[in-house]
Enquirer: 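Take this structure first; my questions come after.
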There are 2 protein chains.
Amino acid sequence: MRIGELAEAAGTTTKTLRFYEDQGLLPPAERTPGGYRGYTTESLTRIDFIHRGQAAGLSLAQIRQVLDIRDHGQAPCDHVRDLLDARLTDIDLKLRQLHDLRDTLAGLRDQAEHVEPDTCSSDQVCRYL
Amino acid sequence: MRIGELAEAAGTTTKTLRFYEDQGLLPPAERTPGGYRGYTTESLTRIDFIHRGQAAGLSLAQIRQVLDIRDHGQAPCDHVRDLLDARLTDIDLKLRQLHDLRDTLAGLRDQAEHVEPDTCSSDQVCRYL
DNA sequence: CTTGACCTTCCCCTGTACTGGAAGCTTTAG
DNA sequence: CTAAAGCTTCCAGTACAGGGGAAGGTCAAG
């Protein structure tokens, strides 16, 4: 399989696949005599895994760690569990922050609805903020 | 007031203030004969406004728009209301996405708790994702 | 007069995940 | 044989909000 076919099969672009190889997410591809990269369906599995990792909000660096562990013949289970836990903690924090921001913003928006623009004084640029 | 004092008073750095001037968020500062930037408390007000805007999740570009309107002698009220509305819509979307991601992740984490690692097959890299 | 703190401009670097484009080679169809 | 599609490498840029550090000028105290 050439890089274009693989890209289409995986729902990505050739640029991205070369980028992944460059970043160590994909092993250096075999080459045809002409210098073209050649792939098997294994590559597809690997790219799908990368996509699942991204869907779980993992960074490429984190996904690469998992892949590296696997490539060293070990089961990445523990590490993946840790990553998932860290992501959950992280997301919970972000959710709280975003909720707070939403409340702040809703408050400002509400004020903006009830305050007369005439009372704006230039010493604060804008009453609403 | 020199740039260092202003930076400290505003809780930021001299680097950031020069950057803001460069980006058009602060007007070009007056200069002393020696070439030093000189500020008044007006600058402090403006920087505080920038910080309030950031706290509301606005980008520097958006804050600059508001400042530009004000600098043109107009009241930026309507524009600020629109910005707040857009931010709210945006944040609500982000909150939904983050909730979804959290659910997905919690599901994965839950599976990871109950699945035997032995059943991992290398054709999917990791059962947990 | 000198030291040290502060200031100036200038250019490059950070992290993230790619994307765009140029110059040139390979392969396939007609 | 030729044209087009697809591939190669390499360099550069995107958005965001600054940060790092060099080379040199200015100002106040001792």
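Note that the coordinates shown come from a computational prediction; the quantities given were computed from them, not determined experimentally.
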Enquirer: Write down the distance between CD (B/E30) and C1' (C/dC7), rounded to a whole number of angstrom.
Expert: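 That distance rounds to 17 Å.
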
Enquirer: Please state whether the base of D/dG25 and the side chain of B/Y36 form at least one donor-acceptor pair under 3.5 Å?
Expert: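 A donor-acceptor contact between them is present.
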
Enquirer: Can you name the nearest heavy-atom pair linking B/Q54 to B/I63, along with the distance?
Expert: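 So the minimum-distance heavy-atom pair works out to N-CD1, 3.7 Å.
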
Enquirer: For residues B/Y36 and B/I3: do they belong to one hydrophobic cluster (side chain heavy atoms under 4.5 Å, members Ile, Leu, Val, Met, Phe, Trp, Tyr)?
Expert: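 No, it is not one cluster - the side chains of B/Y36 and B/I3 are not joined through contacts under 4.5 Å.
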
Enquirer: Whole Å only: how far is the CD1 atom of B/I3 from the C1' atom of D/dT26?
Expert: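 Interatomic distance, CD1 of B/I3 to C1' of D/dT26: 15 Å.
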
Enquirer: C/dT19, OP1 or OP2 - any side-chain N/O from A/T16 closer than 4.0 Å?
Expert: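 Indeed, a polar side-chain atom of A/T16 lies that close.
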
Enquirer: Please state how far atom OH in A/Y39 lies from atom P in D/dC7, giving the value in whole angstrom units.
Expert: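 About 10 Å, once rounded to whole Å.
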
Enquirer: Does A/E42 pair with A/R46 as a salt bridge, N-O distance under 4.0 Å?
Expert: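 The answer is no: the pair does not qualify as a salt bridge.
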
Enquirer: So which nucleotide from C/dT8, C/dT19, D/dG18 ends up closest to the side chain of B/L60?
Expert: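 Nearest to the side-chain atoms of B/L60, counting from C-beta on, is D/dG18.
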
Enquirer: Compute the angle between the rotation axes at the two ends of the helix from C/dC1-D/dG30 to C/dG30-D/dC1, each taken over five pairs, rounded to 10 degrees.
Expert: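 Between the first-five-pair axis and the last-five-pair axis there is 30°.
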
Enquirer: In whole angstroms, how far is the C1' atom of C/dC6 from the CD atom of B/E5?
Expert: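 In whole Å, C/dC6 C1' and B/E5 CD are 11 Å from each other.
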
Enquirer: Rounded off to whole Å, could you give me the CZ-to-C1' distance for the B/R18 and D/dG21 pair?
Expert: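 The distance from CZ of B/R18 to C1' of D/dG21 comes to 13 Å, rounded to the nearest Å.
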
